[in-house]
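Have a look at the structure below, then the notes.
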Amino acid sequence: MSALLNRAEFVPQAARDDDFRSPDSVQRKMYDLSTLLPTYTGKPTKGGRTTREVLGAFLERPEEMNALAARLRAGVESREKPPIGSANAIDTDWESDVDTPEADYEAEEGSPLLVRHYRRERNRTIRKHKLAAVKAAGLPVACEVCEFHFGTTYGQVGDGYIEVHHVLPLHASGPTITKLADLALLCSNCHRMIHRARPWLTPEELRERLA
Ligand SMILES: [Zn+2]
Ligand SMILES: [Zn+2]
């Protein structure tokens with residue numbers, strides 16, 4: 001478990017101390033969790049609020065939570081690398097072609113991390129504030145990478161459309177206050193390209209690559 005959590009990089013390397021998810025700290029957390037179980041009769045240790053909430057969710061919705069845990073684990077164990085990082089070696093190979101077509105193939109779609117990322121990007125309030133700040137600064141509501149402007153290309157139907165991307169996603173930063181500077185305006189193509197690479201590119205990195 002310690003090795004897995006160290007590989008997961010939900011927390012950036014720079015924010016880790018020596019004890020980060022060490023076998024000892026994992027053992028302490030497991031002990032905290034076990035003393036919070038309803039079947040435990042001894043004196044409970046101090047578990048934080050998040051610990052209680054997570055355990056409560058597992059007790060209330062075991063199937064859903066176990067499935068989510070399995071997907072997170074599979075994501076860490078497979079090729080799903082954390083967002084943001086060295087763009088020197090872009091890995092898009094995770095999308096490689098299928099050798100043997102399977103007519104009845106079914107997919108479980110949407111990595112939990114990416115789904116959560118998109119969900120945050122639909123926060124309307126912060127989006128409105130970001131757009132207002134961009135306009136107040138006299139800047140165009142256009143893609144920060146390629147300068148694409150939806151209204152110019154598509155006319156009225158495209159006017160005002162832009163995608164707002166969280167440059168430092170929640171699963172890398174941990175729970176955090178999003179500042180407007182953490183948001184980038186992107187066209188749909190650039191947004192997709194950022195998420196296609198593993199790790200995710202920053203807008204600057206994509207701009208450098210734009211040929
Ligand atoms: Zn663009
Ligand atoms: Zn995004």
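Indexing begins at 1, ligand by ligand and atom by atom, following the structure's order.
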Exercise for the section: Would you name the N/O/S atom of H165 that lies closest to the Zn ion (ligand 2)? Expected result: ND1
Exercise for the section: Name the orientation class of the two ring planes belonging to F150 and F148 (parallel below 30°, tilted from 30 to 60°, perpendicular beyond 60°). Expected result: perpendicular
Handout entry: 2.8 Å cut-off met by an N, O or S atom of H191 to the Zn ion (ligand 2)
Key = yes
Problem - N, O or S from C143 under 2.8 Å to the Zn ion (ligand 1) - result: yes
Handout entry: Donor + acceptor pair across side chains of Y154, Q156 (<3.5 Å)
Key = no
Completion exercise
ang(SG C190, the Zn ion (ligand 1), SG C187) rounded to 10° is 100°
Handout entry: Ion pair R28/D19, N-O distance below 4.0 Å
Key = yes
Exercise for the section: Would you indicate whether the side-chain heavy atoms of I126 and V164 approach each other to under 4.5 Å? Expected result: no
